[in-house]
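Structure first, commentary second.
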Amino acid sequence: MDFFLILLLLLPVGLLIILYVFDRRQKEHSILRNYPILGKMRYFLEKIGPELRQYLFNNDNEGKPFSRNRYQQIVKRGKYLQDLIGFGSVRDFGEPGYYIRNTLFPKQEEELRVDREPKIPTQAYIIHHDGLFSRKEKRREVEEPSWLLPEQDAVVIGEGLKHPFRVRGLIGMSAMSYGALGERAVISLSKGLARAGGTWMNTGEGGISPYHQAGDVDLIMQIGPGLFGIRDREGDLDWEALREKAEMERVRAFELKLGQGAKLRGGHVDGSKVTPEIARIRGVEPWRTIDSPNRFRQFDDIPSMMNWIKVIRSFTGKPVGIKIVVGGGDTLEPLVRYMAEQGHGPDFITVDGGEGGTGASYQELADGVGLPVKSALMLTDALLRKYGVRDRVKLIASGKLATPDEIAVALGMGADLVNIARGFMISVGCIQALRCHSNECPVGVATTDPKLQRALVVEEKEYRVTNYVLALRKGLFRLAAAAGLESPVEFDHRHVVYKDEKGLTTSLDEIVHTLMEDGKTVGVAVES
């Protein structure tokens with residue numbers, strides 16, 4: 001017994017001596033050569049630094065990409081169907097930012113143009129006890145109003161086409177591929193969105209997987225430069241594969257991905273994520289890293305791109321749009337001018353802001369390229385109006401829009417619809433571990449590793465997705481009522497005001513008027 005006790009005491013001492021000798025002789029880390037033990041402590045604290053800052057040191061509004069406050073707003077809406085707060089807002093009202101312009105005489109709930117039927121059966125948690133060391137909560141079955149637009153207010157993409165896309169909810173899922181997300185995450189999103197109804201799911205550039213179809217939700221199939229899912233062995237467009245996708249009833253539209261806010265480059269999926277199934281869906285080799293081209297090889301200017309859009313629209317009979325990142329008025333204006341002169345163009349434009357997320361990108365591209373969504377959206381809307389083509393094309397905004405007030409501001413800036421990606425990831429369990437590119441997501445969302453995916457229980461997370469969508473739609477109608485509107489589809493420039501750091505305000509009407517007069521870029525569109 002004494003021998004084992006002595007051994008137990010000496011073992012750590014011996015280990016420290018070995019580490020001390022090894023670190024003093026290694027040539028890679030300067031700090032360890034001089035201070036082996038203290039250096040080890042430094043690297044340990046550095047390793048857990050992100051978690052310490054996230055949970056202990058950052059205040060509720062400091063964290064990035066999403067602060068603790070915004071993160072909790074998403075979680076509470078999805079898990080508890082809860083959107084009430086107490087005492088007051090934690091927003092810094094001294095900072096510049098955008099605000100919804102309220103009216104003296106808001107609309108009553110019965111005055112709103114809204115379909116609350118059918119009621120949506122879902123599940124939400126009730127907290128029975130929330131102590132310091134224990135928490136007791138239980139799921140219950142509930143029915144929630146659907147908060148859909150009535151038919152007369154439905155947003156129609158591709159009006160006049162054989163198969164237009166009618167949308168009765170203003171919020172859908174932004175492009176997220178199977179492969180970037182694991183199958184359990186995609187299934188949860190598909191089922192949750194389908195239950196909410198009136199929404200859509202963008203497949204991302206990785207093609208249509210069985211998991212996107214698990215909930216029988218409307219799909220926008222994204223086509224990236226790699227043509228994944230509709231490519232032949234040589235990497236060219238397989239028209240028969242495109243026909244098969246177009247014949248799927250739930251595929252409502254196609255989106256050509258010209259750019260993404262977080263990465264002005266082709267998509268990237270690490271080889272460890274490329275399982276044989278993902279390779280089959282995409283038409284690539286398994287276990288090999290996928291780097292798609294940063295632009296389409298099928299066109300290299302506006303006329304050839306417009307012709308390609310026209311051919312695909314004619315071939316499929318369904319709406320075709322483009323996803324872009326706006327670099328400035330001089331880069332966008334030629335596209336809009338061409339649309340006006342030739343009388344045709346995309347059925348919708350997804351404007352992706354530079355603050356958008358991704359599974360994998362380079363820091364210099366994510367931080368330094370592409371206008372933020374608010375600036376880009378106002379500029380795009382203004383140019384479309386200036387050239388008289390705004391009524392022919394729908395605008396979808398994406399880029400860190402995750403709460404009803406942010407979505408309402410985007411609608412006021414010109415968006416017809418809004419895409420959300422990371423908000424939905426958080427609703428199925430994302431904790432912002434920032435490991436999406438590594439296939440090591442600790443909560444099973446952005447990984448194809450079966451062991452890590454065990455953390456994500458589809459039968460529970462799908463309801464959180466439903467609740468999140470319903471809560472966002474309800475919040476939008478609540479904001480519309482405060483602004484004196486009968487429906488959120490009525491939000492426009494008149495209903496949003498910008499306050500600068502001096503407390504001076506500018507209406508979006510004034511900003512857009514300036515844009516349409518002289519075509520300048522937005523000078524006051526500070527993100528907040």
Side-chain angles (χ1 to χ4, degrees), residues 65 173-177 180 202-206 220-228 253-269 290-306 308-309 312 320-336 338-339 345-381 383-384 393-401 410 414-415 417-422 436-437 521-522 525 527:
M173 193 191 92
S174 192
M176 290 193 284
S177 302
N202 191 308
T203 64
E205 64 175 309
I220 296 178
M221 181 181 178
Q222 188 179 84
I223 302 173
L227 303 177
F228 301 125
F254 295 90
E255 178 184 79
L256 304 182
K257 177 185 172 183
L258 304 186
Q260 183 178 343
K263 53 184 178 188
L264 266 295
R265 59 180 292 275
H268 172 91
V269 181
I290 302 171
D291 283 297
S292 58
N294 62 358
R295 71 167 178 82
F296 285 86
R297 295 190 176 95
Q298 286 73 19
F299 51 82
D300 57 6
D301 58 15
I302 291 171
S304 58
M305 177 183 72
M306 292 299 194
W308 219 59
I309 290 173
I312 292 178
V320 179
I322 58 175
K323 180 176 181 176
I324 64 171
V325 180
V326 178
D330 56 342
T331 60
L332 183 62
E333 192 161 11
L335 170 65
V336 180
Y338 186 94
M339 291 169 61
D347 298 296
F348 65 95
I349 298 175
T350 301
V351 178
D352 199 32
E355 68 273 63
T358 179
S361 184
Y362 298 110
Q363 175 271 323
E364 62 270 19
L365 293 176
D367 288 353
V369 182
L371 290 177
V373 66
K374 295 186 178 77
S375 302
L377 183 58
M378 283 190 285
L379 181 56
T380 305
D381 179 65
L383 283 171
L384 290 169
V393 59
K394 300 302 181 188
L395 283 182
I396 305 177
S398 66
K400 218 173 176 184
L401 304 170
L417 301 167
V418 168
N419 273 340
I420 297 176
R422 284 173 291 183
C436 306
H437 60 292
T521 55
V522 181
E527 298 302 301

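These figures come from a predicted structure and were not determined experimentally.
For the pair Gln298 and Ser304, the minimum side-chain heavy-atom distance is 4.5 Å or more. Contact check for Leu417 versus Phe348: no side-chain heavy atoms found under the 4.5 Å cut-off. When side chains are defined from C-beta on, Thr203 does not count as touching Glu255, because their heavy atoms never get closer than 4.5 Å.
Taking NZ of Lys400 as the reference point, atom CG of Asp352 lies at 13.0 Å (rounded to 0.5 Å). Here the straight-line distance linking atom CD1 of Ile322 with atom CD1 of Ile349 works out to 4.5 Å at 0.5 Å rounding. Put simply, OG1 on Thr331 and CG on Leu379 are 8.0 Å apart, with the number rounded to the nearest 0.5 Å.
Summarising the geometry of Ala397 relative to Leu377, their closest heavy-atom pair is CB-CD2, 3.9 Å, with the distance given to 0.1 Å. Residue Val326 comes nearest to Ala376 through the heavy atom pair CB-CB, 3.7 Å, listed as atom of the first residue, atom of the second, then distance. Heavy-atom minimum distance, Leu395 versus Leu384: CD2-CD1, 3.9 Å. Between Leu383 and Val336 the shortest heavy-atom distance is O-CG1, 3.4 Å. Scanning both residues, Lys323 and Ser174, for their nearest heavy atoms gives NZ-OG, 4.4 Å. Heavy-atom minimum distance, Asn419 versus Ser398: CB-CB, 3.6 Å.
Counting only distance, with no hydrogens or angles, the side chain of Gln222 and the backbone of Glu205 share a donor-acceptor pair below 3.5 Å. In this structure, the side chain of Asp347 engages the main chain of Val320 through a donor-acceptor pair within 3.5 Å. Not one N or O on the side chain of Thr350 forms a donor-acceptor pair closer than 3.5 Å with the backbone of Ile396.
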Test side-chain contact (heavy atoms from CB on, under 4.5 Å) on Phe299 and Ile309 and set out the steps.
-> CA-CA 10 Å; Phe299 51 82; Ile309 290 173; over 6 Å; no
